[in-house]
Amino acid sequence: MTASCFAQDPSTTKEVDAVYPEAYALYLDLHQNPELSSHETRTATKLASQLRALGYDVTEHVGGTGIVAILKNGSGPTVMLRTELDALPVEEKTGLPYESKVRTKDDSGRDVPVMHACGHDLHMASLLGTAAVMAHSKDSWHGTLMLIGQPAEETISGAKKMIEDGFLKRFPKPDIGVALHVGNDLPAGTVGIAPGYSYASADSVRITIYGKGGHGAAPQNTVDPIVIAARTVLALQTIVSREVKPGEAAVVTVGYFQAGTKNNIIPDQAELGLTIRTYKPEVRKQILAAVARITKAEADAAGAPREPSIQEYESTEAVYNDPALAQRLRRTLEAALGKDNVVTAEPLMVSEDYAYFVEQGIPSFYFALGGAEPQKYAAAKIAGTKLPFNHSPLFAPDVDPALHTGIAAEVAVLRDLLNASANDLYRVTHQQSNSNQ
Ligand SMILES: [Zn+2]
Ligand SMILES: [Zn+2]
């Protein structure tokens, strides 16, 4: 690979084909060696060394295992492209020849399987391919390209840790941020754009309801926390149905309910684990307040000896896709991938801690990368079934077209942004786009 062949032939396909073997090799390696959130040491070292070999100035250990790779190329804006580094405690059941067999100890010492069940391995491979194309074609853009490998996305803590570790002070502040996520809700070869709110905010809440334990045959001497918790679960379901304005996106899910040890003992306490998803900050605030009000009132109504404890332990804002930026980059992606391969995506209620970067004042473009094998996608659509979603043991993106498209899309987006001036980008992201919220 020489720099000149890219400079003379701007055809993205040819450029992507040239870097594909290197990107695919990284994909296979990472897929077979996944690491859990905040433990992505091998992954980060591997990615950092490959970016360094391409000429990037790489800083490691930013917010734990995070990496920041910078390629300066004259004056112009600073544009950030982000990938996640982490995998999940899921046992892979895809049956692929390169399926993960890795097991490790999690943070509580349990032996768990590990799998790149969210496709972050594909994001890293795509970022490497993009990094190579951009490094080989420096006459096609100007400015500062910043590639970041963010740890611990699955525990929605890595972006926050990078920011707390001085990400915005130690490195140039990006004028624009870009990220993608692969999924089976679009066929491989396509990308999807959801302007405005595209991913929800997430709040994890742990509720402990205190009662008074005793013999299962003598309820009159107890305050049964299981009954209080059961009523609480049902009452919490009235928040979205009765309190939130119809049409506002909101979810309240009780994902676990733990209490008791034996059928004839009334326990002392019960614990509920919730996840709360919304788009708008005011709806989020309303729901969190309602959860606290209902939980306390149910305990009070039952004569509980103590007020329940309500702990919020993991949270992230919604991911907001700058609408004017999305509109501009949609045209760019249509030109690069073909009009039919760029679709309007549905906003999702899943969450993503990329939101921390948006919150820090980095206007962003976050898009969906199709991962489904096109024939399987078409068959599922006809049958009305769904292909295995991210986090499933069966999640397996159609790597060849998805990775080619990921690189082509990232390169097109970065080149568009890195041919503008920082002022132009400021104007795009600060026009009256907020009316679309
Ligand atoms: Zn995930
Ligand atoms: Zn993910």
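Note that ligands are numbered from 1 as they come in the structure, with each ligand's atoms numbered from 1 the same way.
Heavy atoms of other residues, nucleotides or ligands lying less than 6.0 angstrom from CG of Asp340 number 12 at most. Within 6.0 Å of atom CZ in Phe257, more than 12 heavy atoms from other residues, nucleotides or ligands are found, so the atom counts as buried in its surroundings.
The Zn ion (ligand 1) is closest to atom OE2 of Glu154 (considering only N, O or S atoms).
A salt bridge links Glu248 with Lys280: the closest approach of a Lys/Arg side-chain nitrogen to an acidic carboxylate oxygen falls below 4.0 angstrom.
Between the NE2 atom of His391 and the SG atom of Cys118, the angle centred on the Zn ion (ligand 1) amounts to 110° when rounded to 10°. Between the NE2 atom of His181 and the NE2 atom of His120, the angle centred on the Zn ion (ligand 2) amounts to 110° when rounded to 10°.
Checking His123 against the Zn ion (ligand 2), every N/O/S atom stays at or beyond the 2.8 Å cut-off.
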Could you list the donor-acceptor pairs under 3.5 angstrom formed by side chains in residues 167-189, with sequence neighbours left out?
{"unit_1": "Arg170", "atom_1": "NH1", "unit_2": "Asp165", "atom_2": "O", "d": "3.0"}
{"unit_1": "Arg170", "atom_1": "NH1", "unit_2": "Asp165", "atom_2": "OD2", "d": "3.3"}
{"unit_1": "Lys173", "atom_1": "NZ", "unit_2": "Gln360", "atom_2": "O", "d": "3.2"}
{"unit_1": "Asp175", "atom_1": "OD2", "unit_2": "Thr78", "atom_2": "N", "d": "2.8"}
{"unit_1": "Asn184", "atom_1": "OD1", "unit_2": "Ala372", "atom_2": "N", "d": "3.3"}
{"unit_1": "Asn184", "atom_1": "ND2", "unit_2": "Pro388", "atom_2": "O", "d": "2.7"}

